[in-house]
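The structure appears below as structure tokens.
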Amino acid sequence: MKPLVLVTSDVVQTGGYNWHGAIDTYLKAVSDVTGAQPVILPDLTSKTDFDSVLSRVDGVLVTGSKSNVFPQIYGQSPTEKHEPYDHDRDETTLPLIRNAIARGTPLLAVCRGHQELNVAYGGTLHTEIQENQGIMDHRAAVHSDQDVRYKIAHTINPVKDGLLARILGNAPVAINSLHRQAIDRLADGLSIEATADDGTIEAISVDGARAFALGVQWHPEYWAASDPVSKKIFEYFGSIMRS
């Protein structure tokens with residue numbers, strides 16, 4: 001049987017309803033590259049039985065999103081620069097991350113998920129990082145073509161012999177970049193796995209985790225079927241779930 005991968009969702013209001021869903025690039029990366037079966041988790045906040053859900057799956061994929069973690073959760077005052085928000089996602093995904101890691105469920109966290117992993121363990125985030133001196137513009141190109149928005153944009157430097165380097169090697173690799181926020185203070189219990197040339201934290205892992213637990217700031221799911229760097233991450237995630 002295929003492994004089951006729990007995929008986090010966003011709440012989107014349309015047509016007078018709240019829809020819980022995930023972008024299909026994440027679902028296809030799980031299905032086509034890891035060879036697993038994706039299952040979307042709705043954002044039902046305190047109604048979610050994490051033990052019941054996690055006992056039935058083999059991995060967790062924490063997706064990226066247009067929304068940002070609500071800043072009061074990590075001790076900052078909300079401003080327009082922090083928007084938009086998805087409170088139901090925050091109340092579901094942050095405890096999901098902690099529960100998955102405590103249980104030893106393999107976890108891959110992408111973009112917002114990478115930031116959520118840091119916040120879940122007590123870290124903080126920067127907003128509009130491109131406004132900080134010496135920081136490159138990590139935002140996506142303004143374009144109607146998604147391939148242009150998700151184009152490979154810059155290199156990152158894996159930490160020598162770290163978890164990410166175990167997957168990709170120690171040499172610099174090229175990635176895409178579509179974010180305004182980034183990790184500010186790294187949470188206790190997490191380690192840096194890669195940085196950009198400007199010092200932005202691009203990947204993190206959980207110290208002493210019982211299973212694979214990796215956060216990446218970029219979007220490997222978009223090119224998972226064709227880009228070797230992206231593909232290796234999802235293939236490794238799949239192999240971990242089968243080991």
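Sequence positions, counted from 1, serve as the residue numbers for this chain.
- With hydrogens and angles disregarded, no donor-acceptor distance shorter than 3.5 Å links the side chain of Asn18 to the backbone of Val11.
- When every heavy atom of Ala182 is checked against every heavy atom of Thr200, the shortest pair comes out as CB-CG2, 4.0 Å.
- For Gln76 (side chain) and Pro71 (main-chain N/O), no donor-acceptor pair under 3.5 Å exists by modelled atom type.
- Side-chain atoms of Ser177 come within 3.5 Å of backbone atoms of His138 as a donor-acceptor pair (strictly under, hydrogens ignored).
- The two residues Ser9 and Pro42 make their nearest non-hydrogen contact at OG-CA, 3.6 Å.
- Few gaps surround CG on Asp145; more than 12 heavy atoms of other groups in view lie less than 6.0 Å from it.
- Remark: the Thr63 side chain and the Thr8 side chain contain an N/O donor-acceptor pair separated by less than 3.5 Å.
- The side-chain heavy atoms of Leu214 and Phe237, taken from C-beta on, include no pair separated by under 4.5 Å.
- The line from CG of Asp49 to OG of Ser55 is 8.0 Å long, rounded to the nearest 0.5 Å.
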Inset, instruction - Given side chain to side chain contact (heavy atoms under 4.5 Å, CB included), test Glu235 with Val33 step by step and report yes or no. - result: CA-CA 6 Å; Glu235 287 181 335; Val33 184; 3.8 Å; yes
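- Here the side chains of Gln217 and Cys111 are in contact, with some heavy-atom distance below 4.5 Å.
- Note that CD1 of Ile183 and OG1 of Thr195 are 11.5 Å apart. Values are rounded to the nearest 0.5 Å.
- Taking CG from Asp90 and CZ from Phe70, the interatomic distance works out to 8.5 Å, rounded to the nearest 0.5 Å.
- How far NZ of Lys66 is from CG of Leu178: 13.0 Å, rounded to the nearest 0.5 Å.
- In this structure, Ile233 is not a member of the same hydrophobic cluster as Val62, with clusters built from ILVMFWY side-chain heavy atoms closer than 4.5 Å.
- Residues His20 and Ile40 fail the side-chain proximity criterion, which asks for heavy atoms closer than 4.5 Å.
- In this structure, the side chains of Pro220 and Phe234 come closer than 4.5 Å at one or more pairs of heavy atoms.
- Counted by atom type alone, Asp198 and His154 present zero donor-acceptor pairs between their side chains at under 3.5 Å.
- Side chain of Asp227 to backbone of Ser230: a donor-acceptor contact under 3.5 angstrom is found.
- Using a 4.0 Å cut-off between charged side-chain N and carboxylate O, Asp32 and Lys28 make no salt bridge.
- In this structure, Ile23 is a member of the same hydrophobic cluster as Val110, with clusters built from ILVMFWY side-chain heavy atoms closer than 4.5 Å.
- A salt bridge does not link Asp58 with Lys2: none of the charged nitrogens is closer than 4.0 Å to a carboxylate oxygen.
- Between the side chain of Arg180 and the backbone N or O of Lys81 there is at least one donor-acceptor pair closer than 3.5 Å.
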Inset, instruction - Evaluate side chain to side chain contact (heavy atoms under 4.5 Å, CB included) for Gln72 paired with His82, printing each intermediate quantity in order. - result: CA-CA 10 Å; Gln72 284 186 345; His82 291 94; over 6 Å; no
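- Pairing each heavy atom of Tyr74 with each of Val119, the nearest pair is CD2-CG2, 3.8 Å.
- Rounded to the nearest 0.5 angstrom, Leu186 CG and Ile204 CD1 are separated by 6.5 Å.
- Ile240 and Val216 end up in the same hydrophobic cluster when Ile, Leu, Val, Met, Phe, Trp and Tyr side chains are linked at under 4.5 Å.
- Distance alone, capped at 3.5 Å, is enough to place a donor-acceptor pair between the Arg210 side chain and the Ala102 backbone.
- A pairwise comparison of heavy atoms in Ser191 and Asp207 identifies OG-OD1, 2.5 Å as the closest pair.
- Looking at heavy atoms from C-beta onward, Thr48 lies out of side-chain contact with Leu96 at the 4.5 angstrom threshold.
- Side chains of Val69 and Thr93 form no contact here, defined as non-hydrogen atoms less than 4.5 Å apart.
- Considering all non-hydrogen atoms of both residues, Tyr26 and Gly64 come closest at OH-N, 2.9 Å.
- Arg185 places a side-chain N or O within donor-acceptor distance of the main-chain N or O of Gly122, the cut-off being under 3.5 Å.
- Ionic pairing of Arg89 and Asp10 is present here: one or more N-O contacts between side-chain nitrogen and carboxylate oxygen are shorter than 4.0 angstrom.
- The shortest non-hydrogen separation linking Ala120 to Ile97 is CB-CG2, 4.2 Å.
- A heavy-atom distance below 4.5 Å is found between the side chains of Tyr150 and Glu221.
- Side-chain atoms of Tyr222 and Lys151, non-hydrogen and from C-beta on, never get closer than 4.5 Å to each other.
- No path of Ile, Leu, Val, Met, Phe, Trp and Tyr side chains, each step under 4.5 Å between heavy atoms, connects Met136 with Ile152, placing them in separate hydrophobic clusters.
- Here the side chain of Thr92 pairs a donor or acceptor atom with the backbone of Thr45 at under 3.5 angstrom.
- Here the straight-line distance linking atom CG of Leu164 with atom CG of Asn157 works out to 11.0 Å at 0.5 Å rounding.
- Put simply, Ile129 and Ile201 are part of two different groups of oily side chains (I, L, V, M, F, W, Y) that touch within less than 4.5 Å, one to the next.
- Looking at Asn170, its side chain never comes within 3.5 Å of a backbone N or O of Pro158 through a donor-acceptor pair.
- No side-chain N or O of Gln115 forms a donor-acceptor pair with one of Arg112 less than 3.5 Å apart.
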Inset, instruction - Go through Gln181 and His179 one step at a time and tell me if the side chain to side chain donor-acceptor pair (under 3.5 Å) criterion holds. - result: CA-CA 6 Å; Gln181 295 196 313; His179 62 104; over 6 Å; no
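- Using a 30° and 60° split on the angle between ring planes, Tyr236 and Phe212 fall in the tilted class, from 30° to 60°.
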